[in-house]
4 protein chains.
Amino acid sequence: MKTKAPAEPATRQRRKEARPQELLQAALELFVEKGFAATRSEEVAQRAGVSKGTLYLYYPSKEELFKAVVRQNLSNLIAEGQEMAGQFEGSSSELLGCLLQTWWDRFGSTPAAGIHKIVLAEVRNFPELAQFYTDEVILPADALFSGCVQRGIARGEFRPMPVHEVAQALIAPMIFMAVHRHSFGCCPVNGGVDIDPAAVLKTHLNLVLQGLEVRGAPA
Amino acid sequence: MKTKAPAEPATRQRRKEARPQELLQAALELFVEKGFAATRSEEVAQRAGVSKGTLYLYYPSKEELFKAVVRQNLSNLIAEGQEMAGQFEGSSSELLGCLLQTWWDRFGSTPAAGIHKIVLAEVRNFPELAQFYTDEVILPADALFSGCVQRGIARGEFRPMPVHEVAQALIAPMIFMAVHRHSFGCCPVNGGVDIDPAAVLKTHLNLVLQGLEVRGAPA
Amino acid sequence: MKTKAPAEPATRQRRKEARPQELLQAALELFVEKGFAATRSEEVAQRAGVSKGTLYLYYPSKEELFKAVVRQNLSNLIAEGQEMAGQFEGSSSELLGCLLQTWWDRFGSTPAAGIHKIVLAEVRNFPELAQFYTDEVILPADALFSGCVQRGIARGEFRPMPVHEVAQALIAPMIFMAVHRHSFGCCPVNGGVDIDPAAVLKTHLNLVLQGLEVRGAPA
Amino acid sequence: MKTKAPAEPATRQRRKEARPQELLQAALELFVEKGFAATRSEEVAQRAGVSKGTLYLYYPSKEELFKAVVRQNLSNLIAEGQEMAGQFEGSSSELLGCLLQTWWDRFGSTPAAGIHKIVLAEVRNFPELAQFYTDEVILPADALFSGCVQRGIARGEFRPMPVHEVAQALIAPMIFMAVHRHSFGCCPVNGGVDIDPAAVLKTHLNLVLQGLEVRGAPA
DNA sequence: TATGAATGAGACTTCATTCAT
DNA sequence: GATGAATGAAGTCTCATTCAT
């Protein structure tokens, strides 16, 4: 005798709790693919398997949905890195290498990087987003990376340099590539420059670490 | 004796010739500010001091207007750099320094960089733009920078490294900052990381040039 | 015992089912009255008691709406006539008289005839409509009428004549009047020729039937 | 030595006088081809070889241009027929045959018939046109044809019948075909009924003349 | 809660008409 | 007179959002 599949915890209930997650996932994909304006609310709902009306039960507007997507995908990224850095015991070169790798794995190669692309383009239309993003992403990231550079200088591993500027130079290629992956990287063009992010990152790290060296002293 | 002083063409005529320029200028500003979709055709016309209909006299659609803006602002930028590089006689370090500075002056610090921001975000919705931009901007830029790196290696100034990857690492921070200037750089946030592009570029160059050095040999 | 009285479906639902009908009715009236181009979409919606957007929920464009109106009003008219003709047992004169009368009742005197007026005027701008209308209306009508003429000739009731041309001559006055009714017939003019369609048809039939007679033999 | 070609009367002058004619000609063609609304003023001007502005020097609006086209092409059509009929000395059958042929040559097979198609469709949007057209075309045509029928009855050639209704039946197929020629007749459809107007007219005349005969008396 | 029919502001675009040259 | 650049009202269609069921 078929009773309503008892194996699964009441399907309706499970769906209800999963809804925000599913909606944000669908919205993430579509925003990254098409941009904010070109993504239709109904399409988000469809991809999440619900109706248009249901979307509005969870997010009062497309703008709020966008902000929620940004928050979900970009917060919490920094804490991990910070924690790792605080416990690190090896050389600062190793720390930076480790950090960049982690950063790429956790940001550059994930959909979060696609969101960054959209935020770059839309932030001037969403003033509150600028503050949020600065507080949640930009400042912590700067603190993390410039802190590591500072550590290296303090320990005599790196020559003295302006730490914020070095931090910028460190992360810029990574962000650049992360954005690229979701932009031109998705367009089938003839003869485009085929970039292997891993190779660029390795080269970049190689360059910068030698660049940071105290002259004459091997890293 | 020629009457009808040719120096000052009839007003109507003069406007007609200036119109495309004025419209592209207005469109550039608004696209950079708000993005493609969020910019209304009428707004572009207004800023150029004409009516909605006049815009369509010169560009058959908003999309074509966008493409015209891209063409005007991004093509022709590369040729100059390439020419300069070909005639350069100093060291490759000096050449790279010179090139990056020129690049920043001619691209990064101009509204053209704002267009790059938009293109990044919208290119997936404009397949033909992707090809155009790759051909006109991305490939030439790669050829220019990786050519200079190659020159340095060939002359024994730089250690052997993968040239395309180095080129990426070289230009990425600049593009990153160029985009940033038209994105978060325009948002008044409290406590934001205040980046001085010139300082970052100088630091970046400093780092990379030492990074490219043949070890043990001063630049 | 079934509760939820199925006789009266929920209001929303009932409207949804009735909408296409209501919209087609409104569109028919307005197209006949003003022509295709001069009828505004919003006006159709208003007359059907809905908003502009709702119209586009049911028909993706004004052109498709027009085609739907043509389909609804003109197809299916022929089948009946064909069936009637196939089962008819009286003389061919009676058959033609009966057919013309039916045709007038079901087409000429209904709004459907107004659509024919529009199609005549607009068909050159809608190539696919031309094919559709030829297949659905013109060819079947020709087959019906020329078939009846053929029957009369085969049975020795009518003198031998070119059947398609006779069919044209037979239906032309009716179509002429049908179109007239929705054109000049609606304009209040002073001293216009006041045509009584029934009288013209009767006279026309009278003329043609005697014209078809085998000479010397009474009908 | 080339002087301004003296053979031609000052070109500018000649053009100026020919302008209205050329504009009406261009407008006639385009209105017939595309209908009133779908014809753009500029297109009319272009086809007449003048600029948009010039069109408005001669006709204050598209609507007035339309009316002028109607007037030019449809007035003067009747007088000739009327005159011919008054002087005719043969039998009434011959007169009708002659008249229909003339009518076809002077109206059905000329662009004027195309205008009739447009007028049919647009007259409800141009109330004054209805009166004009009734006075200038419909009433005279009716008078002409019903007069001829009356003549035949009075002379004992035709059996007594309602003359106006007979007149309708007489001209309807011709108008029908005239309109058809500029409507479906211009659309390349597969399998359309291919009508030869001359054959239909001949058949029609044949039918109607026998239909008008006093029974038992050969025409 | 969930749905999806309905709304209507607003976007892009067209084109009849005007008017400075 | 002739031109054609310029205008702006008006039309088609989209889509974020609402709300009766």
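Sequence lines set the chain letters: A, B, ... in the order given, protein chains first and strands last, and positions in each chain run from 1. For the numbers below, each heavy atom of this structure counts, side chains included, while hydrogens, waters and symmetry mates do not.
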Below 4.5 Å, heavy atoms only, C-beta onward: do C/P20 and C/Y59 meet side chain to side chain?
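Side-chain contact under 4.5 Å: yes.
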Does [X] place a side-chain N or O at less than 4.0 Å from the phosphate oxygens OP1/OP2 of [N]?
{"X": "A/Y58", "N": "E/dA2", "value": "yes"}
{"X": "C/T54", "N": "E/dA5", "value": "no"}
{"X": "D/R19", "N": "F/dA2", "value": "yes"}

For [X] and [N], what is the distance between atoms [atom1] and [atom2] respectively, to the nearest whole Å?
{"X": "C/L65", "N": "F/dC13", "atom1": "CG", "atom2": "C1'", "answer": "13 Å"}
{"X": "B/Y56", "N": "F/dG11", "atom1": "OH", "atom2": "C1'", "answer": "14 Å"}
{"X": "A/L55", "N": "E/dG4", "atom1": "CG", "atom2": "P", "answer": "14 Å"}
{"X": "C/L23", "N": "E/dA5", "atom1": "CG", "atom2": "P", "answer": "14 Å"}

Looking at DNA chain F, which of residues 30-52 of chain B put a heavy atom within less than 4.0 Å of it?
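Contacts with DNA chain F under 4.0 Å: B/V50, B/S51, B/K52.
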E/dT1, E/dT18, E/dT13: which one has an atom nearest the side-chain heavy atoms of B/K62?
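Nearest to the side chain of B/K62 among the choices is E/dT13.
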Kindly state each residue pair satisfying side chain to side chain donor-acceptor pair (under 3.5 Å) with at least one member in residues 117-128 of chain C, sequence neighbours excluded.
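The answer is C/K67-C/E128.
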Which residues pass the ring-ring contact (aromatic ring centres under 6.0 Å, His included) test with C/F66, not counting sequence neighbours?
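Per chain and number, C/F66 pairs via ring-ring contact (aromatic ring centres under 6.0 Å, His included) with C/F31, C/F36.
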By ring-ring contact (aromatic ring centres under 6.0 Å, His included) - contacts of C/H116 (at least two apart)
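Testing C/H116 for ring-ring contact (aromatic ring centres under 6.0 Å, His included), a comparison that skips the adjacent residues, returns C/Y133.
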What's the separation between atom OG1 in A/T54 and atom OH in A/Y58, rounded to the nearest 0.5 Å?
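One gets 7.0 Å once the value is rounded to the nearest 0.5 Å.
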Distance in Å, C/I118 CD1 paired with D/L120 CG, rounded so as to fall on 0.5 Å steps:
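Rounded to the nearest 0.5 Å, the CD1-CG separation comes out at 10.0 Å.
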Just to be sure I understand the rule, does D/Y59 reach a base, reach only the sugar-phosphate, or reach nothing, if contact means heavy atoms closer than 4.0 Å?
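No contact at all - D/Y59 keeps every heavy atom at 4.0 Å or more from the nucleic acid.
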Applying side-chain contact (heavy atoms from CB on, under 4.5 Å) to B/L24 and B/L65, what does each step give before you reach the verdict?
CA-CA 7 Å; B/L24 289 177; B/L65 173 64; 4.1 Å; yes
Please map the stems of DNA chain F, keeping only stretches of three or more Watson-Crick or G-U wobble pairs with both distances under 3.5 angstrom.
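Output for stems: E:2-21 with F:2-21.
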Check whether the side chains of B/E29 and B/Q25 place a donor and an acceptor atom closer than 3.5 Å, and report yes or no.
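Yes - a donor-acceptor pair under 3.5 Å links their side chains.
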Apply side-chain hydrogen bond (donor to acceptor under 3.5 Å, both in side chains) to C/E42 and list each qualifying residue two or more places apart in sequence or on a separate chain.
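Counting only residues at least two positions away or on another chain, C/E42 forms no side-chain hydrogen bond (donor to acceptor under 3.5 Å, both in side chains).
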Select from A/L57 and B/L57 the residue whose nearest nucleotide in DNA chain E is closer to the 5' end of that strand.
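Per heavy-atom nearest nucleotide, the more 5' residue is A/L57.
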